[in-house]
J.: 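Before I ask anything, here is the structure I am working with.
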Amino acid sequence: QVHLVESGGGLVQPGGSLRLSCAASGSRFSSNIMGWYRQAPGKQRELVARIFTGGITNYADSVKGRFTISRDNAKNTVYLQMNSLKAEDTAVYYCVASRAGSSSWGQGTQVTVSS
């Protein structure tokens with residue numbers, strides 16, 4: 001059981017930056033694989049970034065080089081730094097925590113990239 005609360009979404013112009021935060025409670029944060037997914041209107045949910053307990057990270061090809069996932073175990077928080085944002089990055093972003101074969105999802109935060 002992990003409760004996740006995302007924050008940091010909003011409206012940003014193309015080329016701009018946002019930092020999403022995901023605060024976790026109710027479990028051992030450091031033992032969880034943390035990830036960010038997103039779902040755009042009319043599109044399938046896709047994995048954006050993932051960080052494992054050992055610090056290894058994975059990124060979708062579409063965001064690699066622009067997004068950075070990180071975690072602060074002392075704060076029980078995972079971040080997604082998003083730079084050079086594009087219109088196609090517009091989506092609801094979800095934080096996910098996975099541990100021992102079980103996953104918890106946050107409510108999501110809207111990111112809109114538009115002029």
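FYI, the numbering just counts along the sequence from 1. Treat the numbers as computed from the prediction; the structure is a model and nothing was measured. Values below: every heavy atom of this structure, side chains too, minus hydrogens, waters and symmetry copies.
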J.: If you define the side chain from C-beta out and look only at heavy atoms, does anything of W36 sit under 4.5 Å from V78?
T.: yes

J.: Quick check for you: to the nearest 0.5 Å, what is the distance between Y93 atom OH and M82 atom CE?
T.: 5.5 Å

J.: Check P14 against S115 and note the closest heavy-atom contact, atom names and distance.
T.: CD-OG, 3.5 Å

J.: Could you report the tightest heavy-atom contact between G35 and I69, atom names first, then the distance?
T.: CA-CD1, 4.3 Å

J.: From R38 CZ over to E88 CD, what is the distance, rounded to the nearest 0.5 angstrom?
T.: 8.0 Å

J.: Does N32 reach the side chain of T53, with side-chain heavy atoms less than 4.5 Å apart?
T.: no

J.: Apply the test side-chain contact (heavy atoms from CB on, under 4.5 Å) to residues L80 and T68: give CA-CA distance (whole Å), side-chain angles for both, the deciding distance (0.1 Å), then the verdict.
T.: CA-CA 6 Å; L80 185 68; T68 302; over 6 Å; no

J.: For the residue pair S17 and N83, confirm or rule out a side-chain donor-acceptor distance under 3.5 Å.
T.: yes

J.: Is atom CZ of R45 surrounded by more than 12 heavy atoms (other residues, nucleotides or ligands) closer than 6.0 Å?
T.: yes

J.: Linking I/L/V/M/F/W/Y whenever their side-chain heavy atoms sit closer than 4.5 Å, directly or via other members, would V48 and I51 fall into one cluster?
T.: yes

J.: First locate atom OG of S104, then atom CE of M34, and finally report the distance between them rounded to the nearest 0.5 Å.
T.: 9.0 Å

J.: Atom CD of Q107 and atom NE2 of H3: how far apart are they, to the nearest 0.5 Å?
T.: 8.0 Å

J.: Is F67 reachable from Y94 through a run of hydrophobic residues whose side-chain heavy atoms are each under 4.5 Å from the next?
T.: no

J.: Quick check on the 6.0 Å ring-centre criterion: do W105 and Y37 meet it?
T.: yes

J.: Measure the CG-CG distance between L18 and L85 for me, rounded to the nearest 0.5 Å.
T.: 5.5 Å

J.: Is the side chain of S62 donor-acceptor paired with the backbone N or O of A60 at a distance under 3.5 Å, no angle test?
T.: no

J.: Please say whether the positively charged group of R50, taken as NZ for Lys or CZ for Arg, lies over the ring of Y59, i.e. under 6.0 angstrom from the six-membered ring centre and within 45 degrees of the axis.
T.: no

J.: Given the rule that I, L, V, M, F, W and Y join up when any side-chain heavy atoms are under 4.5 Å apart, are L20 and V92 in one cluster?
T.: no

J.: Is there a donor-acceptor pair closer than 3.5 Å between any side-chain N or O of Q13 and the backbone N or O of V113?
T.: no

J.: Determine whether S25 and N76 make a side-chain contact, defined as any pair of heavy atoms from C-beta on separated by less than 4.5 Å.
T.: no

J.: Answer yes if L4 and V111 sit in the same cluster of Ile, Leu, Val, Met, Phe, Trp and Tyr residues linked by side chain heavy atoms under 4.5 Å apart, and no otherwise.
T.: yes

J.: Taking R66 for the side chain and S84 for the main chain, is one N or O donor matched with an acceptor at less than 3.5 Å?
T.: yes

J.: Taking the side chain from T90 and the backbone from A87, do they hold a donor-acceptor pair closer than 3.5 Å?
T.: yes

J.: Does either side chain, that of S103 or that of S98, offer a donor lying less than 3.5 Å from an acceptor on the other one?
T.: yes

J.: I'd like to know if the side chain of E6 and the backbone of C95 have a donor-acceptor N/O pair within less than 3.5 Å.
T.: yes

J.: Is the Lys NZ or Arg CZ of R71 less than 6.0 Å from the centre of F29's six-membered ring, within 45° of the axis?
T.: yes

J.: Where the side chain of Y79 meets the backbone of D72, is there a donor-acceptor pair that is under 3.5 Å apart?
T.: no

